[in-house]
Amino acid sequence: MLQAYNIHKSYSDLNVLKGIDLSVSKNEVISIVGASGAGKSTLLQILGTLDKPDIGDITINNQSINGMKPNQLAAFRNKQIGFVFQFHNLLPEFSLEENILIPSYIGGNSGKKVSDYADQLMRMLGVYDRRTHKPSQLSGGEQQRAAVARALINKPSIIFADEPSGNLDSVNANHLHSIFFELQKQLGQTFVIVTHNKELADMTDRKIVMADGKISE
Ligand SMILES: Nc1ncnc2c1ncn2[C@@H]1O[C@H](COP(=O)(O)OP(=O)(O)O)[C@@H](O)[C@H]1O
Ligand SMILES: [Mg+2]
């Protein structure tokens, strides 16, 4: 599904990533752990095509990212990649349902089929009853679960999550974590999750430890 070859990234004289090789198989849930400053978020941004490596390449579904023009890359990202961040980044003036549907509108899809799929996702994620509410009217757990539904709406090949439960209490964190594995089972979804949550990391198919810009385990 995803291959990263020899990824290097520096910010001026700070070498943040020092040669990362990584492959992710379809339907795998992997975690990336490591101390703050190890380069986890930088790696996730590069794997997710939001940032470019200085050296190295990413292929997703056998398509190389390096050769893509900005428009092509944006369309590719919209279709193939989902993101969940530590803070939900839902747009405050739109309802939860509208927030979830925005990536499908951007991708040129609207109509009954996609709104039915949004309903299905909202039911799976336990936010269907709150679909007409604005993000500020939802709990932190509901906001994060809506952000997961938004990441899923275009049926992406892979979802990248950067400390998705970092801002949740343990009950809501555990609920969110169980949803990742439910989605792996029911939709065959692939996830790469950066986390400080040991319990979550231990539940994933593979745990990758980063230290000082390299994969150490
Ligand atoms: N845009 C940037 N400009 C300069 N330095 C950055 C930038 N992004 C990250 N860094 C630095 O790169 C290092 C790794 O950061 P990051 O990938 O966020 O680590 P982690 O997510 O593992 O905590 C840190 O020293 C951070 O300060
Ligand atoms: Mg980080």
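Quick note: residue numbers are just sequence positions, from 1. If you're wondering where the values come from, they're calculated on a predicted model, not measured in any experiment. For ligands, and for the atoms within them, numbers begin at 1 and follow the listed sequence.
- The distance from ligand 1 to the heavy atoms of V16 drops below 4.0 Å at these ligand atoms: 12 (O), 13 (C), 14 (C).
- Taking backbone and side-chain atoms together, T42 has no N/O/S atom less than 2.8 Å away from the Mg ion (ligand 2).
- Only backbone heavy atoms of A35 (N, CA, C or O) come within less than 4.0 Å of ligand 1; its side chain stays farther off.
- Taking NZ of K214 as the reference point, atom CG of N15 lies at 10.0 Å (rounded to 0.5 Å).
- Of the heavy atoms in T42, both backbone and side-chain atoms come closer than 4.0 Å to ligand 1.
- Close contacts of ligand 1 with S36, meaning ligand atoms under 4.0 Å from a residue heavy atom, involve 23 (O).
- Near A38, with a cut-off below 4.0 Å to any heavy atom, the atoms of ligand 1 are 19 (O), 22 (O).
- Under a 4.0 Å heavy-atom criterion, G34 is not in contact with ligand 1.
- Below 4.0 Å from some heavy atom of S41 lie the following atoms of ligand 1, by number and element: 17 (O), 18 (O), 20 (P), 21 (O).
- The nearest non-hydrogen atom to atom 22 (O) of ligand 1, considering only K40, M210, K9, comes from K40.
- When hydrogens are left out, the protein atom nearest atom 1 (N) of ligand 1 is Y11 CE2, 3.5 Å; that is the closest non-hydrogen contact.
- Side-chain heavy atoms closer than 4.5 Å link hydrophobic residues (I, L, V, M, F, W, Y) into clusters, and following such links, possibly through other members, connects M68 to L47.
- Counting heavy atoms closer than 4.0 Å to ligand 1, residue L14 contributes side-chain atoms (C-beta onward) but none from N, CA, C or O.
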